[in-house]
Structure formats: structure tokens, C-alpha cells
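The block underneath contains the structure these notes are about, expressed in C-alpha cells.
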Amino acid sequence: MSLAVKGKLLRLMTRQAFLILAATFVPALVSVAFHPRKPEFRRPELRPGEVTLPMADAWGKVVVWVDARPEDDFAHGHVPGAVRLDLEEWSRLFPVFLDQWQPTRMVVVYCSSRDCGLSSEVAKRLRGSRISPTYVLHGGWDAWRNRHPESVATGE
Amino acid sequence: VKSVVPILALICRFVLGAVFVVAGATKAYDPAAFAEQIGRFHLLPWPIGAALALWVPWLEMFAGMLVITQKLLLGALLILTVSLLIFSLALLSAWLRGLNIDCGCFGHALPRMTLGWALLRNLLLLILVGILWRESLRNR
């Protein structure tokens, strides 16, 4: 291959690559505006023991979801398969939770929103009962509803 | 032997293209999860990782599709080569730092792949890319 041909090929290749790069910006920008699962550009500040929903999603079926909200809220809508736990009814609800849990699984507790607090109390109690690893869901039920609006269970 | 080479190149094109289309599609479905996976490599500031999570999956899908259809082939091959080299460097650095993380290459559509296996797979893909380079430059 002569030097002139090589130069021509190199220019062609670079031009094509830039064309592709430019074309992919279009769907990327559409995603920035409209994608239902777009990432936050400011990393959420996690408190110790907290986990973000995309991270918990990545763990998949290993997760046991624990709902720390009042019974009414739970009945109105909860994470599919979630078990309800609260400190007042601990002796009644904890055995139900133990039926679902195994040492190989990971526990993620949520309450209604980012600052609801109930989830950290339940998580603390679970860790105290040697249920580990136990995490608190950052953003709580609000985060779930935003990210998985199609995946909401209702009833008992 | 001469008749075997084009068939081999055809298979390479389809395998390479399909791998990238699938890898791109699984991540384009959930860029938030992909951003988390990029974050766990601890190589980039969070906002840059988030931007890449929204963009790179499309780049993979486009380049994969173009390799299959043989449109803008040289440009697509250049992009796949550079991407594979960058991904491999990221995997290697994570491996050397002893990070216990998932490759993140296919979102969470596939079971977890250890970094070593992911590196090996990237090497195989680079061989496919090499074969395609040879083929497409020889025909000119």
C-alpha cells in the first residue's frame, strides 16, 4: 500500500468514526432528557449503610426487601415480594421475615422517602439480630416508585 | 483456503457486531445501573461516568450494527478497537487494584463475570477485530 493510499484510508477512517460519534450523540441527548432510568449527574450522598436503588437492582434476586412503613402505606403499594417489619410489631412480624431470609441473602429496608428514618431503625434492629448484610434504601419508596412505576404490588 | 477466509470474516463480523449490539442494548435500557457500575471502578469523577453511561451504550449499538451491515466499516472498526482497548485497560486496572466488582459490560442481563474472564473475553474480541481489520484493508 502506498503512502498516499494509506493517508487517504486514514482520513476516511477518521471521518467515518467522527460521523458515528456525532450520530450517537442524538439518542444520548434524548436519553438525558427523557430516559426513565437516567442516572443523576450529582452523585447522591450516601449515609453509612445506605444503598442506591440501581445498586440494589444490580444485586437482583439476592435481595430481601423489607418495608418499614405503616400497614396502610404497605397495603396501598409496596415493592413486589417485600416483607413488612416495624419495631412495634416486631415479635409478630420478625418470624415472617425469617421465613424469607437466608444467610446468603441481602436485606434492603425502605420507608417512605429520603429522610423518613423508620428504615434506619429497622435496619439497626435487624443488624442487632445478626441479620447481615442489611442496607437502607436511599430515597425509600419514592425512589422505587420513580424508577419502577410499573412494578408496584398492593394489598397485604 | 481462499474460499474459507470470506466466510470466516463474515462470522467474525456477525459475532463481533452482535456482542456489541447486545452489550449496548442491555446498558441503554438502564443507564442509571450502568453509571453505578462505572462508579465502582473508581476511575472517573461521578458526573463523567454518568454522562458516559448515557452515551457509550449507543456508541456500542451503532458501531455493532454498522459492522454487521458493513456501512462505515472502517470508522466502526476504529471505534470498536479503541473502545475495547479502553475497556480492557479499565478492567486490568481494577484487577490489579484487587477490586471485587462486576465487569458491568452487559448491564445486569448476564450473570456476574469476574474481571479476569472479562479481560480474556475482551482479548478474544480484539482478535476478531484484528481479523476484520486485515480483511477490510486487504480488499482496498
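Chain letters run A, B, ... following the sequence lines, proteins first, then strands; residues in each count from 1.
Inspection of the A/Trp141 and A/Ser113 side chains reveals no N or O donor paired with an N or O acceptor under 3.5 Å. A side-chain N or O of A/Asp57 and one of A/His148 form a donor-acceptor pair less than 3.5 Å apart. One side chain, B/Ser93 or B/Arg97, offers a donor N or O that lies under 3.5 Å from an acceptor on the other. Remark: the B/Thr81 side chain and the B/Trp133 side chain contain an N/O donor-acceptor pair separated by less than 3.5 Å.
Chain A forms more heavy-atom pairs under 4.5 Å with one residue of B/Leu72, B/Ile79, B/Val82, B/Leu59 than with any other, namely B/Leu72. Interface summary for chain A: among B/Gly49, B/Ala28, B/Ala32, the most heavy-atom pairs under 4.5 angstrom belong to B/Ala32. Interface summary for chain B: among A/Arg42, A/Lys38, A/Arg37, A/Glu40, the most heavy-atom pairs under 4.5 angstrom belong to A/Arg37. Note on B/Phe62, B/Trp58, B/Phe34: by heavy-atom pairs under 4.5 Å with chain A, the leading option is B/Trp58. Among A/Thr52, A/Ile20, A/Leu12, the residue making the largest number of heavy-atom pairs under 4.5 Å with chain B is A/Ile20. Heavy-atom pairs under 4.5 Å with chain B were tallied for A/Val5, A/Thr24, A/Val32; the largest tally goes to A/Thr24.
The residues B/Glu60 and B/Lys27 are annotated as salt-bridged, a charged nitrogen and a carboxylate oxygen being separated by less than 4.0 angstrom. For the pair A/Arg69 and A/Asp86, the salt-bridge criterion is not met [side-chain N within less than 4.0 Å of a carboxylate O]. A salt bridge does not link A/Glu121 to A/Lys124: none of the charged side-chain nitrogens sits closer than 4.0 Å to a carboxylate oxygen.
Only the side chain of B/Leu66 comes within contact range of chain A, with at least one heavy atom under 4.5 Å from a heavy atom of that chain. The contact between A/Leu19 and chain B is made entirely by side chain atoms (from C-beta outward), counting heavy-atom distances below 4.5 Å. Both the backbone and the side chain of A/Phe25 come within contact range of chain B, each with at least one heavy atom under 4.5 Å from a heavy atom of that chain.
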